[in-house]
Structure formats: structure tokens, C-alpha cells
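Notes to accompany the following structure.
Proteins get letters first, then strands, A, B, ... in listed order; numbering begins at 1 in each.
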Protein chains: 2
Amino acid sequence: MKAKNPRDLLCEAALRIAGRDGLLSMTLDNVAKEAQVSKGGLMYHFPTKDDLIRAMLEYFGDDAEQMLIRKMAEDPGARFRFARSFLSSVFGDGEEDRDAPDHLKREALESMMLAMIAAVANNPNVIEPLRGKVAKIRDRVLSDRRDGMEQLLIWLAVDGLMLWQFLGLIRRQDPLFADIGTALKKKTEPKKKTKPKRPSKGGVA
Amino acid sequence: MKAKNPRDLLCEAALRIAGRDGLLSMTLDNVAKEAQVSKGGLMYHFPTKDDLIRAMLEYFGDDAEQMLIRKMAEDPGARFRFARSFLSSVFGDGEEDRDAPDHLKREALESMMLAMIAAVANNPNVIEPLRGKVAKIRDRVLSDRRDGMEQLLIWLAVDGLMLWQFLGLIRRQDPLFADIGTALKKKTEPKKKTKPKRPSKGGVA
DNA sequence: GAGAAAAAACCGACCAGTTGGTATAGTAAA
DNA sequence: TTTACTATACCAACTGGTCGGTTTTTTCTC
């Protein structure tokens with residue numbers, strides 16, 4: 001359903017190793033082994049390690065981007081749309097896809113972050129193309145005079161959370177993880193004093 | 001002025017390499033060379049690479065911790081003291097040490113972050129001791145019922161910024177870097193308007 | 001459709017250089 | 001004598017990468 005062609009499989013294997021065994025274990029031999037492919041097979045698809053990493057960046061980057069684009073398209077709100085969509089793609093929607101498996105995978109951003117760290121660790125130059133891309137999104141977010149900076153701060157906080165996760169300072173299943181998501185989401189809600197926590201109260205539905 | 005004993009010199013050399021040449025270049029040979037020490041000398045102080053990394057974590061961790069403690073002691077305020085001190089140690093105090101060199105080094109947190117990333121990259125287990133330490137600080141911050149979560153979010157945003165810096169998505173000298181600092185600091189100020197432009201809009205919260 | 005040819009996909013032994021780490025002989029000072 | 005190194009040689013394991021060969025799939029021909 002998600003990935004079948006060997007390139008994607010290789011990218012996923014590489015990321016799995018990086019996350020599980022540490023970035024230094026993300027060697028060509030290990031990646032090939034993890035993907036159950038011979039080293040020659042790997043090298044056929046990616047002549048150099050940089051090529052592998054570039055492919056990872058693209059693969060997981062597109063994943064995260066697609067996710068964000070979809071969320072933004074779904075969002076009917078006007079203000080804080082970026083931040084809300086961003087948060088929704090990381091923490092889920094709280095109700096709807098609480099049990100939905102992961103064709104909408106919440107780890108998309110997490111994966112891309114790890115891919116980027118792995119990339120920089122191997123070769124700082126390889127993310128160059130991504131830099132411009134991120135800068136563009138960032139500028140568009142900031143172009144919103146009202147909430148631009150506030151949304152950027154939310155973005156940064158999430159990225160900080162991703163860093164914590166990478167460092168093992170927090171795990172997705174920790175209650176705090178969800179609490180942080182809730183707190184951030186609250187910032188994207190229309191300015192109200194009342195907390196619309198539980199709508200299941202009145203007869204209105 | 002700051003460090004004289006060879007262990008500290010070695011730690012600094014290792015970090016310098018990690019930052020300048022990438023994590024993969026942080027090899028024992030390179031570190032020894034950078035510190036102008038023979039490899040034997042390095043191995044005398046740190047029998048294994050993990051020992052080196054543990055020392056780095058301790059060295060830069062203590063650095064950042066000291067910095068934070070001092071800032072907090074200096075801060076007369078009551079609310080948001082942690083976040084304010086934290087921000088001040090990263091972005092400076094805006095006026096005072098704008099030209100002060102760096103015996104108060106603003107890169108302290110940055111350095112520790114890099115050390116932690118390097119540590120995890122080499123061996124995910126090596127940060128274990130730090131985990132507890134961070135958790136303790138985090139819990140103390142969160143124990144503040146009023147502003148705990150808000151301060152944690154500020155912390156996370158700064159860490160996100162550090163990650164961006166590591167990834168080359170932003171540089172310290174970029175105007176945006178300072179802007180983010182300013183925006184975050186504003187959140188730690190005593191209750192005023194979030195937006196100084198619109199004077200009134202009803203209740204505040 | 002059968003079968004040959006060609007191209008694409010893949011294997012795994014091999015290579016030169018590097019890695020973390022060891023060993024050892026010597027030196028300078030406290 | 002102990003501590004704190006320098007300098008160098010060395011090691012097995014591993015690194016990214018090459019290469020000749022094999023299998024599988026597609027394409028072409030009849």
C-alpha cells in the first residue's frame with residue numbers, strides 16, 4: 001500500500017537503523033542487510049551514500065509535505081491554519097483518526113527530522129536544497145503579519161520536541177507528549193476564554 | 001581563562017570538529033590532532049571514545065547548567081523566571097552584554113545540544129544519565145501550575161531553534177534569530193498586551 | 001506464443017583507506 | 001617512582017566503493 005519499489009524500501013531501512021542503532025550505524029552494509037538486499041543491490045540503486053541520503057531526504061520530505069498540504073486543505077479556518085495543520089499532522093486530530101492506523105502516519109515529521117539529522121551528520125552540504133525549501137515555507141508563514149511569528153514559534157516548539165525525541169528525552173507514549181500537543185493546539189484556537197474541551201454536554205450536536 | 005586542563009581542551013576540540021566538519025569527522029585521530037595532542041595522549045585521558053563523549057556531555061552540560069543557575073539567581077522576577085533566564089542565556093540580555101565577549105558564552109546551550117547529538121549519534125545509550133537530569137529540571141518547571149507548560153514550550157522552541165541551527169536552517173547572525181529571541185522574551189514579560197498594536201479587544205487571558 | 005537477445009536488477013568477493021583501540025619505548029617533571 | 005604525556009608502529013574490524021558475473025524481466029523476432 002505504501003512502498004514497494006526497492007528505493008523506498010532502502011530509504012526506510014536506512015531510517016530504521018538510524019533511529020534504532022544510532023546514526024553511526026547507518027552504514028551501507030547495515031542498510032543493505034536491514035533491507036534484505038545485497039550490497040551490490042544497494043549500490044545499484046544508489047551509487048554513493050550521498051545519493052542514498054538525498055533520496056531519504058526527498059522521500060521523507062515529500063511525505064511530510066504531502067501530509068501538511070492535505071491537512072491545510074482540509075482546514076476551514078483562516079487564522080493559524082499553518083500551525084493547526086502542522087500540529088494536527090504531528091499529534092493527530094484528537095478525535096477522528098485516533099484509531100485510524102497510519103496511512104496518515106503521524107511519524108512523518110519525525111522521520112524527516114531524523115533524515116535531516118542523519119544527512120547533516122554525514123555531509124553537511126547535502127541538505128542545501130532543502131534549506132531553500134524550508135526558508136520559503138518559513139517566509140510564507142512569517143508573511144502573516146498577525147500570527148506569523150506565533151506560528152513560527154509553534155513550529156519551532158514542535159521541532160524542539162522532535163529533537164527531544166531523537167535525544168531520548170521524551171517518547172511519543174509519554175503523557176507529556178500529548179499534553180504538549182494539547183497546549184500548543186490551544187494557541188491556535190480562536191481567541192476565547194472558554195475552553196471547548198468537551199462538547200458532549202448539551203443536547204446540541 | 002576558561003579551560004586549562006587537557007581533558008577540557010580535548011572536549012572542546014571534539015566539539016569544534018563536530019560543529020565544523022560534521023559528526024562523522026569527530027574521530028579519535030582528528031580530535032587528537034585538533035587538540036594538538038598525540039593519540040596516545042588522548043587515549044591516556046579517555047580510554048574509549050565513549051569516555052570522551054561522556055566527558056563532553058558533562059563538561060558542556062555543566063557549562064550550560066552553571067549559566068542557567070547564575071541567570072536565575074540574578075533574576076529578581078517571580079513568574080517566568082526559568083524561561084527568562086533560559087532565554088537570556090541563549091540570546092543575551094539585549095543591552096548589557098551585547099558587546100561583552102564571551103566569558104558568558106551564549107553558545108553554551110548550543111554546544112551542549114551539539115554534544116548531545118554527537119553522543120546519540122555515536123551511541124544512543126550514553127546520554128542515559130542526562131535523561132534523568134533533564135527530566136528533573138523539566139518536572140520542576142512543570143510544577144509551576146500557572147506558567148509551567150508555557151515555560152516548557154518556550155524551552156522547546158529554543159531547542160527547536162538550536163536544531164535549526166544544527167541543520168543549517170538558520171544562523172545566529174540572521175536577523176530572524178534575534179527576532180525569535182525577542183518574540184519569546186515578550187512572552188515572559190509581566191502581563192501586558194500580547195500585541196502592542198491593538199490596545200483593546202476585550203478580556204485578556 | 002516460443003525463443004533469442006538485450007537490458008535491468010541484483011549478487012558477493014574484493015579493494016584501499018579509515019576506524020577505535022593496543023602496545024611499547026622513551027621523556028620530562030614533581 | 002609515579003604521573004603525564006609523546007611518538008610511532010600496529011591491529012582486526014569496518015568503511016564507502018568497485019567490479020565481474022548471475023539472475024530476472026522486458027523486448028524483439030519469428
Counting side-chain heavy atoms from C-beta on, which of [options] comes nearest to [X]?
X: A:Ser38; options: C:dC11, D:dT6, C:dG21; result: C:dC11
X: A:Asp29; options: C:dG21, D:dC5, D:dG16; result: D:dG16
X: B:Lys39; options: C:dG21, D:dT6, D:dA4; result: C:dG21
X: B:Thr27; options: C:dC11, C:dT19, D:dT3; result: C:dT19
X: A:Val37; options: C:dC11, C:dG20, D:dT6; result: C:dC11

Salt-bridge present (A:Lys187, B:Glu150; N to O < 4.0 Å):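 Between B:Glu150 and A:Lys187 there is a salt bridge, with a charged N closer than 4.0 Å to a carboxylate O.
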salt_bridge(B:Asp174, B:Arg171) N-O dist < 4.0 Å: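 Salt bridge between B:Asp174 and B:Arg171, a charged N being under 4.0 Å from a carboxylate O: yes.
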Nearest whole Å is fine: how far is [N] [atom2] from [X] [atom1]?
X: A:Asn5; N: D:dT25; atom1: CG; atom2: C1'; value: 16 Å
X: A:Leu24; N: D:dC14; atom1: CG; atom2: P; value: 14 Å
X: A:Leu42; N: C:dC11; atom1: CG; atom2: P; value: 10 Å
X: B:Leu10; N: D:dT6; atom1: CG; atom2: P; value: 9 Å

Any donor-acceptor pair under 3.5 Å from B:Arg84 side chain to B:Asp75 backbone: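 Not at all, since once roles are kept as given, no pair shorter than 3.5 Å links the two residues.
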A:Thr48/A:Asp51 under side-chain hydrogen bond (donor to acceptor under 3.5 Å, both in side chains): CA gap, chis, key distance, verdict: CA-CA 5 Å; A:Thr48 75; A:Asp51 288 327; 3.1 Å; yes
Sugar-phosphate only, base, or nothing, as touched by B:Lys49 at under 4.0 Å among non-hydrogen atoms: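 Sugar-phosphate contact only - B:Lys49 comes under 4.0 Å of backbone atoms but never of a base.
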First encountered from the 5' end of DNA chain C, between A:Gly40 and A:Tyr44: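 Going by which nucleotide is closer to the 5' end, it is A:Tyr44.
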